[in-house]
Amino acid sequence: MFSRSAHSALVFVTFIISVVAVPSATDAAKRSTCTVDSVSSASSLSDCSDVVIASFTVDDGDTVTMSFAESATVTMTGEVTFASTTASGPLITFEGTDISFNGGGNTFNGNGADYWDGEGTDGGKAKPHPFMKIKASGTFENFIVLNTPAQAISVGNDDPLTISDVTVNNKAGDTDDLGHNTDGFDVSASDVTIMNCVVENQDDCIAINSGSNIVFQENTCSGGHGMSIGSISSGKTVSGVVFSGNTVSDSLYGTRIKVDSDATSGSVTNVTWSGNMISSISDYGVLITQSYPDNDGTPGTDTTISDVNFIDSTTTVSVDSNATRVTVDCGQCTGTWDWSKLDATGGDAGTIDADDATVSGFLCSY
Ligand SMILES: *[C@@H]1O[C@H](CO)[C@@H](O)[C@H](O)[C@H]1NC(C)=O
Ligand SMILES: *[C@@H]1O[C@H](CO)[C@@H](O)[C@H](O)[C@H]1NC(C)=O
């Protein structure tokens, strides 16, 4: 606390400064609370310490970028709905440092059914993607991303970011197999934690394309392609990934590392799985491959996969009767991989072709 006289002195000094100095924008007090209830009101938030996002609609052709003040607090009170649009993605972008974003369970509605035609981003109707881009750091929690045209949330923070209690609900895309390429989280960033999230979709639950120190824990994935690193293209590196305590069910794959067969450089290293529950898998339970887009083909030899471990608590993998439990298809892999906490059952065993890597402790005979 200031003493009364110190306070008076401070007021006096402040008065002198304000008389002498030409006030600049940075001297202005932050507006206490700013409300976003339209596309235009989303565009100037740099002097708002608190932001409230109320219900509004984003019209055809518009996109939204919210650049928050450092350490801003952001809450939602209603749904943000996106009209069917000719704009390209991202349709909504969040920027800022050390942001506390709490959606209060509210929804960003992408109206995916207006786009879905079974072709995803490979053809058919143009589908804006990603739907949402989080370029911010801090904490983003407690909101729903509903029915995205294609890929849902792209993560590209510069400083540490935690995403928790977020639901990506693209379940409606299961109807007639119309939803396609509806990735939950696409991560090309470092120092990211994604936890307690739910993804119901038709493609990767998470796809980590580059970055380091990435934790994916206690999430629930269903309907899609499981937890992925990759696909890794030339020049991309991924290191320090932990998948722990996740549940993956009713999916094509349980978990994969997929490296493009034609990648001319790149690496994946230090990946740990612990305590995941993977079940009802229709293609591969665990697939480590350098022959992508093939599952198990002719692997490239110009990238490296190393230090890939199933440790700490058991990861259980249960695949359908006509699926493959575990396959490793390496062109260049190294190190001793501890797979002592992988318990895989069902289907066909698969093949382990680990090149120079040694897979140890895995209780299956090949
Ligand atoms: C492996 O990754 C984890 C998680 O990011 C990290 O804590 C650990 O230090 C890394 N280990 C090595 C040897 O780099
Ligand atoms: C595997 O079996 C499931 C039903 O259990 C079926 O839907 C699927 O088409 C089969 N896949 C193959 C490759 O036979």
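Start at 1 and go down the list; that is how both ligands and their atoms are numbered.
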Original post:
Any protein heavy atom lying closer than 4.0 Å to atom 9 (O) of ligand 1?
Top reply: no
**OP:** May I ask you to check whether over 12 heavy atoms, not counting those of Lys236, lie within 6.0 Å of atom NZ?
**Re:** no
Cut-off 3.5 Å, no hydrogens considered: what does the side-chain donor-acceptor table look like for residues 144-151, sequence neighbours left out?
unit_1	atom_1	unit_2	atom_2	d
Thr148	OG1	Ala150	O	2.6
Thr148	OG1	Asn170	ND2	2.9

Original post:
Pick from Thr358, Val328, Ile352: which one makes a side-chain contact (heavy atoms from CB on, under 4.5 Å) with Trp337?
Top reply: Val328
Subject >> atom 12 (C) of ligand 1 [closest protein heavy-atom partner, distance rounded to 0.1 Å] >> reply: Asn270 ND2, 3.3 Å
Subject >> Atoms in ligand 1 flagged as close to Asn213, the criterion being non-hydrogen separation under 4.0 Å >> reply: 5 (O)
Original post:
What is the ring orientation for Phe143 with Phe101, classed by angle as parallel under 30°, tilted 30 to 60°, or perpendicular over 60°?
Top reply: perpendicular
